[in-house]
Amino acid sequence: MSTKERLNLLAVLFLLSTSVVYALDEDEHNAKITDFRIAPADEQGVFKYAYATSNGIAVQAAGSPLEAIGIYSYTSPEGVPIEVRYIADELGFHVVGRHLPRPPPIPDYILRSIEYIKAHSTPAPPVE
């Protein structure tokens with residue numbers, strides 16, 4: 001199998017692995033692909049694909065053997081629109097989405113404490 005064929009296979013496997021799958025009722029199991037676009041990997045391994053289904057799932061991705069970026073969206077079982085953007089690279093898999101939990105804000109007294117420590121600490125001596 002040539003490198004280009006392996007990269008095309010990798011792109012298709014990536015496409016299948018990033019599919020969003022959930023079921024609300026029998027109609028969800030029978031969803032049809034309404035749009036499908038794929039650009040086979042080129043000599044450098046760069047690929048692009050996108051697809052959409054009749055039940056509202058939409059996926060787009062592009063990348064190379066070293067990194068990929070993409071977005072997918074669907075409607076949750078509760079009827080909430082979900083959109084996820086991601087980057088996968090040598091630093092890991094990073095996602096962004098409004099539905100994802102966020103840390104609470106840092107309390108004001110903690111912020112004041114940090115400022116106090118910065119203002120009243122002595123610098124460490126240089127390491128030789």
Chemist: Looking at residues at least two apart in the chain, or sitting in another chain, which of them share a side chain to side chain contact (heavy atoms under 4.5 Å, CB included) with Lys118?
Modeler: Ile114, Glu115
Chemist: Should Ile71 and Ile69 be regarded as members of a common hydrophobic cluster, given that ILVMFWY residues are connected when their side-chain heavy atoms come within less than 4.5 Å of each other, either directly or indirectly?
Modeler: no
Chemist: With sequence neighbours left out, write down each residue that passes ring-ring contact (aromatic ring centres under 6.0 Å, His included) with His120, or none if nothing qualifies.
Modeler: Tyr116
Chemist: What residues form a salt bridge (charged side-chain N to carboxylate O under 4.0 Å, His left out) with Arg37, not counting sequence neighbours?
Modeler: Asp35
Chemist: Looking only at non-hydrogen atoms, find the nearest pair between Ser64 and Phe47 and report the distance.
Modeler: N-CE2, 3.7 Å
Chemist: Side-chain heavy atoms under 4.5 angstrom apart, residues restricted to Ile, Leu, Val, Met, Phe, Trp, Tyr: same cluster for Ile82 and Ile57?
Modeler: yes
Chemist: Side chains of residues 89-98: which donor-acceptor partners sit under 3.5 Å, not counting sequence neighbours?
Modeler:
residue: Asp89; atom: OD1; partner: Leu91; partner atom: N; Å: 2.8
residue: Asp89; atom: OD1; partner: Gly92; partner atom: N; Å: 3.4

Chemist: Indicate every side-chain donor-acceptor pair of residues 104-111 with a distance under 3.5 Å to a residue at least two apart or in another chain.
Modeler:
residue: Asp108; atom: OD2; partner: Arg112; partner atom: NH1; Å: 2.5

Chemist: Using every non-hydrogen atom in the two residues, find where Gly45 and Pro65 come nearest and quote the distance to one decimal.
Modeler: O-CD, 3.5 Å
Chemist: Taking the side chain as every heavy atom from C-beta outward, state whether Val59 and Tyr49 have any atom pair closer than 4.5 Å.
Modeler: yes
Chemist: Using a side-chain heavy atom cutoff under 4.5 Å and only I, L, V, M, F, W and Y, what cluster partners does Leu66 have?
Modeler: none
Chemist: Identify the two heavy atoms, one from Ser54 and one from Thr34, that lie closest to each other, and give their separation to 0.1 Å.
Modeler: N-CG2, 3.6 Å
Chemist: With sequence neighbours excluded, what pairs up with Glu83 under the salt bridge (charged side-chain N to carboxylate O under 4.0 Å, His left out) test?
Modeler: Arg85
